[in-house]
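Okay, structure first, notes after.
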Amino acid sequence: MVTKTEERELNQLEIQVENGGGGAWEYLCLVRKLKLRRSEEVLKHGSSILNDPRKRSALGPDEWTLYEQVAIAAMDCQCLDVAQKCIKVLQKKFPGSKRVGRLEALLLESKGLWGEAEEAYSSLLEDNPLDQAIHKRRVAISKALGKPSIAIELLNKYLELFMADHDAWRELAELYLSLQMYKQAAFCYEELILSQPNVPLYHLAYADVLYTIGGIENLISARKYYAATIDLTGGKNTRALLGICLCASAIAQLSKGRNKEDKDATAAPELHSLAAAAVENEYKQKVPAKLQLISSVLRSLKI
Amino acid sequence: MPFLLTPLIVVFYSNSILGGEISQRENSDRESNFEKKRKRELLKMNLGFVVGVFGILILSHAAYSTIQYRGLLKIMEEEFSRPPMNVVLELIIGVALCLWAALTLPGKFLSIHPDSDENRAVSLPDNSEFMIFNHRGRLFPPQIDMKF
């Protein structure tokens, strides 16, 4: 979970490092801590540190973590010889290590040799059948081969063993969404909200899925979860505010045929007008050039 | 009296060690804001430690004089209502110093609001354990040479 101060720090460091100031090692540590996917920058700055023997020895024992980070970034950018060299150095230092074995199998994956990678992972699994990372890589292989149903099956089996893995639940939800199985995706997000109710982004994603499924009860629930997101973020999440406006217009459309009492129960006019005002306020502060666009959109939503 | 000087000696010694550590780091990197902030925080913590020790010493001195006063009252067979004014003053000063030290020593307090900038989640980590490598970016590899 990336917080606002961490995001600001990351952007500052990135600009500083790109313009030639120091701080490359701090940038790499921050990327590793926040688990972000910035492969090109990591590759460029990491390899500049590793190429300089003075800087390399100044790192001490963190040198090997940097080798691993640069190897994975190189595989993502398809610089396979760089990755091969990093892995060779790590193999010399840590012969027979499971972590290096995983990196080798990852290299096979990035070369596109799915069969060999699968075999390597199964052999690694025989030695330690409860290795979480290897199970996840098998799911990734099926995903890369374009077989999301097999990936979903493997991921479900994995989640039966490791029910507390939030990243896996999120990945399962995204796989279901790619296959348009919205009810199952909603179930995954419900699991996530149950385990971590203080993360507003799960409420937001759940509300999005409910809004997509449609129907008046789902729209009312979606409005509630958008409101929960706004509560948890202090009103700073524009997407939740817009979500409330859209829910308002959709509910108004669907409840046209109903009688007056039902309509009064579902309508929440103060919430809608407040959300619309907050959206216009944010646009006025951040992007005043596009204020016209958003005002006309909000006006058409009311109708 | 030499008992009171030991915390000061500890403070100056630790500051000199800290100075030695920082000068050994790379000179090529500019001293970033992080290191400056860390040095300032450590100095404040050391000052808080010294003040805290003084506060505790003053409080214990006040306790000792109160015990002596009670012993004196027992000899003179009078009732003990409250300690003399100078002891009360010492108590107030001791409490104030300890309070200031307790607030300064732990360093920066963390925010508890869920929507403050430090706690507000802006984005979730990009699931790199499920990362796949056959994306369009693999057609544009950057040119990197490795010299090791």
Side-chain angles (χ1 to χ4, degrees), chain A residues 1-8 16 21-23 25-26 34-37 39-40 43-44 47 50-51 53-56 58 72 74-82 85-86 89 109-110 112 132-133 136-137 139-141 143-144 167-168 170-171 174 198-201 231-236, chain B residues 17-42 44 106-148:
Chain A
M1 216 181 55
V2 184
T3 60
K4 182 80 187 160
T5 31
E6 281 168 347
E7 189 194 30
R8 216 178 293 148
Q16 181 188 343
W25 174 240
E26 276 146 6
L34 298 175
K35 299 199 203 149
L36 299 171
R37 190 173 175 172
S39 305
E40 273 201 24
L43 182 60
K44 192 162 85 171
S47 57
L50 290 175
N51 276 335
R54 205 167 39 102
K55 283 192 207 166
R56 214 185 331 159
I72 298 183
M75 283 186 242
D76 205 12
C77 295
Q78 205 74 13
C79 296
L80 295 172
D81 43 353
V82 174
K85 281 195 197 149
C86 291
V89 171
E109 252 189 81
S110 69
Q132 297 188 349
K136 292 193 210 181
R137 285 321 302 172
V139 173
I141 289 183
K143 202 167 77 156
D167 288 337
R170 250 199 317 148
E171 190 63 32
E174 283 176 23
N198 59 331
V199 176
L201 300 169
D231 195 14
L232 285 169
T233 56
K236 301 199 182 99
Chain B
I17 292 179
L18 187 67
E21 254 184 39
I22 290 185
S23 64
Q24 271 172 26
R25 252 186 245 166
E26 286 174 44
N27 296 327
S28 54
D29 276 338
R30 275 199 305 246
E31 191 183 80
S32 52
N33 287 339
F34 312 108
E35 287 167 19
K36 275 192 213 137
K37 256 189 256 171
R38 243 183 283 156
K39 264 202 271 193
R40 232 182 292 148
E41 261 180 45
L42 273 158
K44 233 183 160 187
K108 190 166 183 295
F109 284 111
L110 296 171
S111 162
I112 55 171
H113 292 296
D115 53 321
S116 75
D117 271 356
E118 292 151 349
N119 294 339
R120 185 160 50 107
V122 169
S123 57
L124 294 165
D126 332 313
N127 263 341
S128 43
E129 289 161 333
F130 291 102
M131 164 165 68
I132 59 176
F133 299 118
N134 53 346
H135 48 75
R136 293 177 292 182
R138 70 178 170 166
L139 297 172
F140 305 105
Q143 299 299 329
I144 308 272
D145 341 287
M146 297 303 267
K147 299 189 208 96
F148 49 87

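Note on naming: letters A, B, ... go to the chains in the order of the sequence lines (proteins, then strands), and numbering restarts at 1 for each one.
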Less than 4.5 Å to any heavy atom of chain A: does that hold for the side chain of B:N134, its backbone, both, or neither? side chain

Cut-off 4.5 Å, heavy atoms of chain B, and the answer for A:A133 is neither

Could you tell me whether B:D126 and A:K35 have a side-chain N and a carboxylate O separated by less than 4.0 Å? no

Using heavy-atom distances under 4.5 Å, tell me whether A:A74 contacts chain B through its side chain, its backbone, both, or neither. neither

Taking B:E129 first and then A:R137, would you say they form a salt bridge - that is, a charged N and a carboxylate O separated by under 4.0 Å? no

Name of the residue among A:L201, A:V2, A:D167 meeting side-chain contact (heavy atoms from CB on, under 4.5 Å) with B:L124: A:L201

In terms of heavy-atom proximity below 4.5 Å to chain A, should B:H135 be classed as side chain, backbone, both, or neither? side chain

Against chain B, work out which of A:G235, A:S39, A:S110 has the most heavy-atom pairs shorter than 4.5 Å and name it. A:S110

Less than 4.0 angstrom from a charged side-chain N to a carboxylate O is my criterion; do B:E118 and B:K108 meet it? yes

Which bit of A:E7 comes within less than 4.5 Å of chain B, counting heavy atoms only: side chain, backbone, both or neither? side chain

Is there a side-chain contact between B:P125 and A:L36 in this structure, where contact means two heavy atoms from C-beta onward sitting under 4.5 Å apart? no

